[in-house]
Amino acid sequence: MIEQHPLEPFLPSHATLLMLGSFPPQKKRWSMDFFYPNLQNDMWRIFGLLFFNDKEHFLLPDKKAFNKDYLIKFLTEKGIALYDTASVIRRLQDNASDKFLEVVTPTSIQSLLQQLPACRAIATTGEKATETICEQLAIQPPKVGQSVPFTLCGKNYRLYRMPSSSRAYPLALEKKAAAYRTLFQELGYHI
């Protein structure tokens with residue numbers, strides 16, 4: 001079954017970083033109507049650890065969902081944009097694993113970056129996202145936790161390959177956060 005991306009790109013006009021995952025999980029796994037909605041995904045715990053020294057910082061008081069409104073406010077203030085590298089996919093199995101996602105239509109990275117004039121870097125948040133963008137940009141993927149320069153439409157950027165925030169990725173939350181800390185520090189974010 002073919003699925004269209006269920007969310008609009010989150011693109012604060014002054015964003016200096018564009019974070020790209022692969023594609024959202026099935027709606028039945030969502031705790032909120034926003035990016036990285038699965039409670040089993042550690043993205044917002046990584047952000048909580050780095051910016052507030054509290055992995056539960058972005059959870060609602062009942063801990064059954066992330067706080068979408070607070071996340072939007074925080075990301076807007078920090079200048080962090082979000083979307084995914086696939087706009088249309090086919091799930092080869094009934095799960096959220098990137099391993100079983102077939103990208104039918106990749107997202108136009110050029111189109112996203114044209115809407116983000118202050119953007120200097122893209123961070124991919126998993127292997128499928130990295131593969132998809134590197135095919136589109138015709139560049140070699142960096143190793144996990146590292147970056148490579150690239151040029152698009154005459155502008156220079158860096159592509160960072162981050163560890164997946166999925167709990168299926170075999171790395172402790174603190175080690176994932178350490179890799180993201182390096183990204184944010186290199187881009188001048190105060191953490």
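In this text the structure is predicted, and so the values were computed from the model without any measurement. We use all heavy atoms of the structure for the numbers below, so side chains are in, but hydrogens, waters and symmetry mates are not.
For Glu131, the CD atom counts as densely surrounded, since its 6.0 Å shell holds more than 12 non-hydrogen atoms of other residues, nucleotides or ligands. Counting heavy atoms of neighbouring residues, nucleotides and ligands inside a 6.0 Å radius, atom NZ of Lys155 exceeds 12 of them. Within a 6.0 Å sphere centred on NZ of Lys143, other residues, nucleotides and ligands contribute 12 heavy atoms or fewer.
Between Pro6 and Lys27 the shortest heavy-atom distance is CB-CE, 4.4 Å. Nearest approach of Ala15 to Leu116, heavy atoms of both residues: CB-CD2, 4.0 Å. Counting all heavy atoms, side chain and backbone alike, Leu50 lies closest to Ala177 at CD2-O, 3.4 Å. The heavy-atom pair separating Ala129 from Ser22 by the smallest distance is CB-N, 3.9 Å.
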*Could you please spell out the steps behind the side chain to side chain contact (heavy atoms under 4.5 Å, CB included) verdict for Gln26 and Arg91?*
CA-CA 10 Å; Gln26 298 145 303; Arg91 290 189 202 276; 3.3 Å; yes
*Step by step, would you call Thr16 with Leu187 a side chain to side chain contact (heavy atoms under 4.5 Å, CB included)?*
CA-CA 8 Å; Thr16 56; Leu187 293 177; 5.7 Å; no
*Given side chain to side chain contact (heavy atoms under 4.5 Å, CB included), test Leu159 with Cys134 step by step and report yes or no.*
CA-CA 9 Å; Leu159 172 65; Cys134 287; 3.7 Å; yes
*Could you go step by step and tell me if Phe10 and Thr76 meet the side chain to side chain contact (heavy atoms under 4.5 Å, CB included) rule?*
CA-CA 9 Å; Phe10 177 74; Thr76 300; 3.4 Å; yes
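The shortest distance between side-chain heavy atoms of Tyr83 and Leu20 falls below 4.5 Å. Counting only heavy atoms from C-beta outward, the side chains of Arg29 and Gln40 never approach each other to under 4.5 Å. Looking only at side-chain heavy atoms (C-beta outward), Leu82 and Phe34 come within less than 4.5 Å of each other. Looking at Pro9 and Leu112, their side chains come closer than 4.5 Å, going by heavy atoms from C-beta outward. Contact of the Gln136 side chain with the Gln110 side chain is not registered, since no non-hydrogen atoms from C-beta on lie closer than 4.5 Å. Using a 4.5 Å heavy-atom threshold, the side chains of Met43 and Thr125 count as touching. In this structure, Arg90 and Glu3 have side chains that are not in contact, with every pair of non-hydrogen atoms separated by 4.5 Å or more. Two residues are said to be in side-chain contact when any heavy atoms from C-beta on lie closer than 4.5 Å; Phe51 and Lys78 meet this criterion.
Note that CE of Met32 is 10.0 Å distant from CG of Asn38, once rounded to the nearest 0.5 Å. Considering CD1 of Ile46 and NZ of Lys55, their distance stands at 12.0 Å, rounded to 0.5 Å. A distance of 10.5 Å separates CG of Leu49 from CD1 of Ile191, quoted to the nearest 0.5 Å. Distance check: Thr85 OG1 to Ile109 CD1 gives 6.5 Å after rounding to the nearest 0.5 Å. With rounding to the nearest 0.5 angstrom, the CD1 atom of Ile80 is 5.5 Å from the CG atom of Leu17. In this structure, Asp69 CG and Leu71 CG are separated by 9.0 Å, a value rounded to the nearest 0.5 Å.
Note on Leu60: it does not cluster hydrophobically with Leu75, by side-chain heavy-atom contacts below 4.5 Å among ILVMFWY residues. Hydrophobic clustering, with ILVMFWY side chains joined whenever heavy atoms are under 4.5 angstrom apart, groups Val148 together with Leu113. Hydrophobic cluster membership is shared by Met162 and Phe184, with clusters built from Ile, Leu, Val, Met, Phe, Trp and Tyr side chains linked at under 4.5 angstrom. Using a 4.5 Å cut-off between side-chain heavy atoms of Ile, Leu, Val, Met, Phe, Trp and Tyr, with links allowed through other members, Val144 and Ile139 fall into different hydrophobic clusters. By the criterion of side-chain heavy atoms lying less than 4.5 angstrom apart, applied directly or through intervening Ile, Leu, Val, Met, Phe, Trp or Tyr residues, Tyr169 is not grouped with Ile133; the two fall into different hydrophobic clusters.
Aromatic pair Phe47/Tyr180: ring centres not closer than 6.0 Å. Here the two rings, on Phe58 and Phe66, have centers that are 6.0 Å apart or farther. The ring of His57 has its center closer than 6.0 angstrom to the ring center of Tyr70.
Put simply, the side chain of Asp84 gets close to the backbone of Gly21: a donor and an acceptor are under 3.5 Å apart. Side chain of Lys176 to backbone of Ser166: a donor-acceptor contact under 3.5 angstrom is found. In terms of modelled atom types and a separation under 3.5 Å, the side chain of Ser108 and the main chain of Ser111 share a donor-acceptor contact. Between the side chain of Arg161 and the backbone N or O of Ala123 there is no donor-acceptor pair closer than 3.5 Å. Although no hydrogens or angles enter the test, the distance criterion places a donor-acceptor pair under 3.5 Å between the side chain of Arg45 and the main chain of Leu39. Listed for the Trp30 side chain is a donor-acceptor partner under 3.5 Å among the backbone atoms of Pro25.
Ion pairing of Glu56 with Lys63 is present here, as a side-chain N (NZ or NE/NH1/NH2) and a carboxylate O approach within less than 4.0 Å.
Using a 3.5 Å distance cut-off with no hydrogens or angles, the side chains of Thr107 and Ser87 do pair a donor with an acceptor. A side-chain donor from one of Ser147 and Arg158 sits under 3.5 Å from a side-chain acceptor of the other. For Tyr160 and Thr182, the side-chain atoms include no donor-acceptor pair closer than 3.5 Å.
Between Tyr36 and the choices Ser165, Pro24, Ser31, the side chain to side chain contact (heavy atoms under 4.5 Å, CB included) rule is met once, by Ser165.
Using cut-offs of 30° and 60° for the angle between ring planes, the His5 and Phe35 rings count as tilted.
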